[in-house]
Amino acid sequence: MVGAMPVNLIPKFCNGAMDSHNGVEDGEIQVFVGSRIKCNDDFGTVKYIGEVQGYKGVWYGVEWDNAERGKHDGCVDDVQYFKTTKPAAGSFIRPNKIAPMRTCADAIQKYYGDREDETVAAHRRTVINEWKREMGAPFIEMVGFEKIHQKQKFDRLLEVCVHDQNVSKAGDVAALCPHVRSLDVSRNLFANWREIVQLSAQLPDLTELDVSKNRMAIDMPEETLAQLSINFANLEKLNISVCDYEWQDLIALSHLWPNVNEIIAAYNRIKKITPPDTLRTLTVLRLDGNPINSWYEVMKLGRLKNLKVLSLNDCYIEEIRFNDDPGNAKVDLFEKLEVLFLNRNRIMDWRSVSELDKLKNLKKLYFLKNPVQKNEDYDTGSQLIIAKIGTLLELNGSIITRELRRGAEYDYLKRYGAEWKQAQYDPIRKAAFDLEHCRFQELVDKYGIPDDSLLVKQPKTTTLTSQLLEIILRDENGKVLKKKFPSTMAVQKLLTLAQRLFSKAGNTGTPTLHLLDEQMKGAEITLDNAMKDLAYFSIKNGDTILVRFR
């Protein structure tokens, strides 16, 4: 019901700078500073309304979502009319250039009212003609019948989509389709959350809401948002993707949705995360495409005790670390997490995969197109993941059978069994091995180590001193670092380290390593097998390794 929401809890939108009608006709939706507008296919926010020196008439100063559409930062002829948040994202346009705005009710009526079912229409005509015949009055007009039919049709609407219909206000939706459960108002012109509150207040059965691709200001305090949460009491699923929000914006808005189960907040500006005190009912969280580059930030979501699905596709995560404890003791985070998406991140080491075995209930993992997989074919890489994470039931959508798991685990033992044996006599090497292969001891206890004839042979080393190599690392910009590494260190770990050490010097992309052979007058030997250790490439004390980025 429209009247169900207390009016005093909806602060009126106050422009402050423009109270006139701006020359528009009565009945049209007014444009204010802060309004969202659309011009052709470009969206923007009105930052100024008024005259521009040297030009006649009223102009709208607009900051465009796509900065390339703009021409300046709001300054023209040395007069600063408004200020853009991005350089050169602003321009001036005439009021008649923007697309007409409409209410959600108008958009629904136009979109769904025009979609007439021919079968229903034919049936309706048959019924009308039958009535006329029975009444013996063929010329009588059935006044109001069409309106009754239209109202019945709208009453039956449960799912409504008015995507990209220039909607900026709610309108009287309750009188049109009060039983809607799923509403999609994505890519429209809502400027703030007041109109969304108005919409939800009129739809008491609303459980799913898509407001993605709207840039809505949050201009109400959290206390007011919490009071307005009564209007979202039944909301379970929310899509706020591509809304230009940071994490603190999402947390502030979460006071509106006390019972939400699923939030899709993809392709926003979320980079830093604070541990949430709200969202206690959340079971699904999708943060795909956000610039999250640290697993430490992801771990702050561990407070979400009911979280079962976490999607982090297309983020910038480079490594996964819960702790530096050897072995695979489970962590007290993400206790109910069952499904994890990590496709197309920047994970560069296999220890990151091993760390996922520390999750208590991880059953499904999606792990495709990460740098660590470049040096393995798909089947071999999949076997490594299956062997490293004991709780997995599905990998990349494929079920892991008992036979597949047994084969993957046994091959894993054969691949690293010799290295495990050597590490047992050296505490330092054993600690390093246990960190890299968190689950290996569990597999040894389960299967035992295969016969020596089946193990992948490892280069023999004698003492710890003989394993430490002093290596000079140099990038193409001339930065030089001298470090000591064990000869048993995998090339992949050196790649990860080089990424960290040299990325701060302005290097971008994926590093490659090249050994400079002085005996061959500076010829380069590419360290092209990331799974091999340094000894495999006969690297010696004092050797120089060139780090290139591509």
query: Looking only at side chains, do T207 and N234 share a donor and an acceptor under 3.5 Å apart?
result: no

field: R181 atom CZ: more than 12 heavy-atom contacts under 6.0 Å
entry: no

statement: Taking every heavy atom of S168 against every heavy atom of F190, the minimum-distance pair comes out as O-CD2, 3.6 Å

- prompt: Are the side chains of L473 and F502 in touch, meaning some heavy atoms are under 4.5 Å apart?
  reply: yes

- line: When every non-hydrogen atom of L495 is compared with those of P511, the smallest separation belongs to CD2-O, 3.3 Å

- request: Write down the atom of V167, the atom of C104, and the distance for their closest heavy-atom approach.
  value: CG1-N, 3.5 Å

Other residues, nucleotides, ligands: >12 heavy atoms within 6.0 Å of K364 NZ: no

field: Check: T274/Q248 side-chain N/O donor and acceptor closer than 3.5 Å
entry: no

query: So, are K237 and D210 salt-bridged, with charged N and O less than 4.0 Å apart?
result: no

Residues S254 and T278: side-chain donor-acceptor under 3.5 angstrom: yes

- prompt: Taking all atoms of both residues into account, what is the closest heavy-atom pair of N313 and L342, and its distance?
  reply: OD1-N, 3.6 Å

query: Between Y378 and L368, is a side-chain contact (heavy atoms from CB on, under 4.5 Å) present by the stated rule, with each step listed?
result: CA-CA 9 Å; Y378 179 79; L368 294 169; 3.7 Å; yes

task: State whether the number of non-hydrogen atoms from other residues, nucleotides or ligands found under 6.0 Å of K213 atom NZ is greater than 12.
output: no

field: Aromatic ring proximity, centroids under 6.0 angstrom, Y267 and Y245
entry: no

Side-chain heavy-atom pair L157, I108 within 4.5 angstrom cut-off: yes

query: Is the number of heavy atoms from other residues, nucleotides or ligands under 6.0 Å of Q80 CD greater than 12?
result: yes

task: Using a strict cut-off of less than 4.0 Å between a Lys/Arg side-chain nitrogen and an Asp/Glu carboxylate oxygen, indicate whether K47 and E63 qualify as a salt bridge.
output: yes

task: Please step through side-chain hydrogen bond (donor to acceptor under 3.5 Å, both in side chains) for the pair E319 and T496, ending with a clear verdict.
output: CA-CA 9 Å; E319 66 176 21; T496 303; over 6 Å; no

message: Do the side chains of R500 and E318 get close enough for a salt bridge, i.e. N-O under 4.0 angstrom?
response: no

message: For Y81 together with F92, are the ring centres under 6.0 Å from each other?
response: yes

message: For W257 and S229, which I'm curious about, is there any donor-acceptor pair between the side chains at under 3.5 Å?
response: no

- request: Take the angle between the ring planes of F82 and Y48 and call it parallel below 30°, perpendicular above 60°, tilted in between.
  value: parallel

message: More than 12 heavy atoms of other residues, nucleotides or ligands under 6.0 Å from NZ of K271: yes or no?
response: no

query: What's the verdict on salt bridge (Lys or Arg N to Asp or Glu O under 4.0 Å) for D73 and K86, showing C-alpha distance, side-chain angles and the deciding distance?
result: CA-CA 7 Å; D73 66 349; K86 295 180 181 178; over 6 Å; no

query: Side chains of D184 and S186: do they bring a donor and an acceptor to under 3.5 Å?
result: yes

message: Are there over 12 heavy-atom neighbours, none belonging to K358, within less than 6.0 Å of that residue's NZ?
response: yes

- prompt: Under the ring pair (Phe, Tyr, Trp, His ring centres under 6.0 Å) rule, what pairs show up with a residue in residues 288-313, not counting sequence neighbours?
  reply: W295-F322

task: Could you tell me whether R351 and D324 make a salt bridge, using a distance below 4.0 angstrom between a side-chain N and a carboxylate O?
output: yes

query: Any salt bridge between D277 and R303, counting N to O under 4.0 Å?
result: yes

Residue pair L206 / S200: nearest heavy atoms and the distance that separates them: CD2-OG, 4.0 Å

task: Go through D288 and R344 one step at a time and tell me if the salt bridge (Lys or Arg N to Asp or Glu O under 4.0 Å) criterion holds.
output: CA-CA 10 Å; D288 306 304; R344 298 175 298 278; over 6 Å; no

message: With a 4.0 Å cut-off on N to O distance, would you call D349 and K493 a salt bridge?
response: no

field: Salt-bridge present (K308, E338; N to O < 4.0 Å)
entry: no

- prompt: Are more than 12 heavy atoms from other residues, nucleotides or ligands located less than 6.0 Å from atom CZ of R280?
  reply: no

- prompt: I292 versus V298: any side-chain heavy-atom pair under 4.5 Å?
  reply: yes

statement: With R36 as partner, the option from D65, V46, N214, N188 fulfilling side chain to side chain contact (heavy atoms under 4.5 Å, CB included) is D65

message: When you compare the side chain of I251 with that of L279, does any pair of heavy atoms fall below 4.5 Å?
response: yes

query: Under 3.5 Å, is there a donor-acceptor pair between the K336 and N306 side chains?
result: yes

task: Can you see which heavy atom on M220 is nearest to which on L228, and at what distance?
output: SD-CD1, 3.8 Å

- request: Would you check, one step at a time, whether the test salt bridge (Lys or Arg N to Asp or Glu O under 4.0 Å) holds for D164 with K38?
  value: CA-CA 10 Å; D164 197 12; K38 182 180 179 183; 2.9 Å; yes

message: For N323, is the CG atom crowded, meaning more than 12 foreign heavy atoms sit under 6.0 Å from it?
response: yes

